[in-house]
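First the structure, in the form of structure tokens, and then the observations on it.
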Number of protein chains: 2
Amino acid sequence: MGENLLGDAVENGKKSPRTPKHWELKERLAELLRAVSPGGSLPGERALASEFGVSRTTVRKALAELTAEGRLTRVHGSGTFAGEGKLTQRLQLSSYTEDMRSHGRRPTSSLLDARIGAADPELAALLGIRSGDDVLRLRRLRRADGEPMAIETSRLPLPRFPGLDRYVGDGSLYGVLYQHYGVELGHAEETIETALATPAEAALLGNEAGALMLLLSRHSFDTDGRPVEWVRSVYRGDRYKFVATLVSPQSSDDSIAARVER
Amino acid sequence: MGENLLGDAVENGKKSPRTPKHWELKERLAELLRAVSPGGSLPGERALASEFGVSRTTVRKALAELTAEGRLTRVHGSGTFAGEGKLTQRLQLSSYTEDMRSHGRRPTSSLLDARIGAADPELAALLGIRSGDDVLRLRRLRRADGEPMAIETSRLPLPRFPGLDRYVGDGSLYGVLYQHYGVELGHAEETIETALATPAEAALLGNEAGALMLLLSRHSFDTDGRPVEWVRSVYRGDRYKFVATLVSPQSSDDSIAARVER
DNA sequence: GGACTTGAGTGGTTTAGACCATTGCGATTA
DNA sequence: TAATCGCAATGGTCTAAACCACTCAAGTCC
């Protein structure tokens, strides 16, 4: 079995028995969980603690990991329930709306925030403007089938899109850019990393603070290669995964990726 | 300010002051952390607890989050230290080795495991073979500058690559596939999601069990569209992030060439 | 009937304390 | 000198207990 690999570090039968209780408990709870259909409920923390003969603290540590993995959902005054699966989001230039619909989900998006501020030097460089120029900052809450999924913060260079703030609503940003400014997206550079939910994000997402998140940053350019927007989005890690299709670079060995990156 | 959005849920001045101590503590520790250069050490848990007037449990909760975010590194009998930054890995068909080198890192890769087993129906479908056919399973530990970064588990259809198990070592798998079987990769489908490190993975990565991980699954095909391998890799979420370049779907293939010049 | 109150049960936070496992260094020893 | 031992400090695990915040349904009141 796979665990044998760990055994290598152990000299002949001396100090192997150091398996924390919450690991074992987590395994047993995961097993118990398999018998529960999505949305079904589990016993309370205190009941589990006495049933397995451990403290409530230990139970909570095991439950916390299962929750972080998306296998459990916990509701404060209510109980602990089996988790739902993960949705997938394709990494592509198409809009969130299009992509969700293609997965048979009903996407909605609400504007939380729209404000204008001055660009700091770093942001100015990203957006191709001068430091101190006006930047439009939009915050959106993305939902799928009514469930909050992600918080998206876009920043756009106002000098390039004068009056953009007046066109923006709950509708498609890319549609506005095309209709009013003739801008089409050409390519984008995305980075994906892990993060933990801040209290504010958790409150908006119906999540818990400290929950696992996928942090996606997108730097978009138009078909002429000029910067269009810079976006940071946090997605619920327990409900989301990303999909990308990669194509062979060999067709022209001097392909895209390696050289674009300075 | 942005946080005002949260205030909507609070009725007139009644129950706003519900900020857990470990949130506030985390902020203060993060601030304290800014004054420490990467690798520098922080006070011990007990010292922090008494200094901030909270219990050690609360300190540990705050430290745990900072650790999960990669801002701290903790070493058991030794101490707590400021974290290093994150490396980036490009999502592309090129090999791990190439990619790391292009970032100025010294990549190494060791074979942990090579075994042959029978494919279950699901795996058989992924690899384009019949259920029960032989599958070669390879487990590799990837390092950058000697530091363990990821565990990669590849599965390849032996009926398509007879004798492959004899060619495999610490070298390039894709090189072997090309030289002995004339196979070149055409495209791949990748998914990225969050996960937590299992005890076994943590032991190999020098990590802690329960640490944040990026789980990357890759389904690779050759230039003829036939399945070549199915890979699951876990990357340290505190040390890694992924980068992808997206191209516009509407302006077909030649858009790539256009973009390269940019 | 409808609105309100109440209380039991749930998960969330925090404490104080005990003990374990690992590390690293100083003192001791061969 | 070089190896070993011991010990103190560190982070890791676990407990028992208290209290808070939220939910929901049963009961109450109008």
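Each chain gets a letter, A, B and so on, in the order its sequence line appears, and its residues count up from 1. Since the structure is predicted, the reported quantities are computational estimates derived from the model, not experimental observations.
Counting only residues at least two apart or in different chains, salt bridge (Lys or Arg N to Asp or Glu O under 4.0 Å) contacts with residues 36-46 of chain A comprise A:Glu45-A:Arg56, A:Glu45-A:Arg60, A:Glu45-A:Arg74.
Closest to the side chain of B:Pro20, out of D:dC14, C:dG12, C:dT13, is C:dT13.
Contacts of residues 66-81 of chain A with DNA chain D (heavy atom under 4.0 Å): A:His76, A:Gly77.
Residues satisfying the side-chain hydrogen bond (donor to acceptor under 3.5 Å, both in side chains) test with A:Thr153, not counting sequence neighbours, are none. Partners of A:Arg143 under the side-chain hydrogen bond (donor to acceptor under 3.5 Å, both in side chains) rule, at least two apart in sequence or in another chain, do not exist in this structure. In this view, A:Ala30 and A:Leu66, A:Arg71 satisfy the side chain to side chain contact (heavy atoms under 4.5 Å, CB included) rule, not counting sequence neighbours. Every side chain to side chain contact (heavy atoms under 4.5 Å, CB included) that B:Ala82 has, sequence neighbours left out, goes to B:Leu33, B:Val36. With sequence neighbours excluded, the residues that form a side-chain hydrogen bond (donor to acceptor under 3.5 Å, both in side chains) with B:Glu189 are A:Arg90, A:Thr245. With sequence neighbours excluded, the residues satisfying side chain to side chain contact (heavy atoms under 4.5 Å, CB included) with B:Ala68 are A:Leu196, B:Leu212. Every residue meeting the salt bridge (Lys or Arg N to Asp or Glu O under 4.0 Å) condition with B:Glu152, not counting sequence neighbours, appears here in chain and number order: B:Arg140, B:Arg142. Remark: A:Thr191 engages no residue in a side-chain hydrogen bond (donor to acceptor under 3.5 Å, both in side chains) (not counting sequence neighbours).
Here the P atom of nucleotide D:dT15 and the CZ atom of A:Arg60 are 15 Å apart, to the nearest Å. Between the C1' atom of D:dC20 and the CD atom of A:Glu45 lies a distance of 14 Å, rounded to the nearest Å. Atoms CG (B:Leu48) and P (D:dG12) sit 13 Å apart, rounded to a whole Å. Atom CZ of B:Phe52 is separated from atom C1' of C:dT13 by 19 Å (rounded to the nearest Å). Taking atom CG on B:Leu63 and atom C1' on D:dG12, their separation rounds to 13 Å, with Å as the unit. In this structure, B:Glu208 atom CD and D:dT13 atom C1' are separated by 13 Å, rounded to whole Å. Rounded to whole angstrom, the span from the CG atom of B:Leu42 across to the C1' atom of D:dA9 amounts to 16 Å.
Consecutive Watson-Crick or G-U pairing (both distances under 3.5 Å) extending over three or more pairs maps onto DNA chain D as C:1-30 with D:1-30.
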Collect all protein-nucleotide pairs involving nucleotides 15-19 of chain C in which both atoms are nitrogen or oxygen and the distance is under 3.5 Å.
| unit_1 | atom_1 | unit_2 | atom_2 | d |
| --- | --- | --- | --- | --- |
| C:dT15 | OP1 | B:Lys21 | NZ | 2.9 |
| C:dT15 | OP2 | B:Ser55 | N | 2.9 |
| C:dT15 | OP2 | B:Ser55 | OG | 2.8 |
| C:dT15 | OP2 | B:Thr58 | OG1 | 2.4 |
| C:dA18 | N6 | B:Arg56 | NH1 | 3.4 |

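For B:Asp113 and B:Arg137, the salt-bridge test passes: some basic side-chain N is under 4.0 Å from an acidic carboxylate O.
The side chain to side chain contact (heavy atoms under 4.5 Å, CB included) test with A:Leu215 is passed by exactly one of A:Val234, A:Ile192, A:Thr194: A:Val234.
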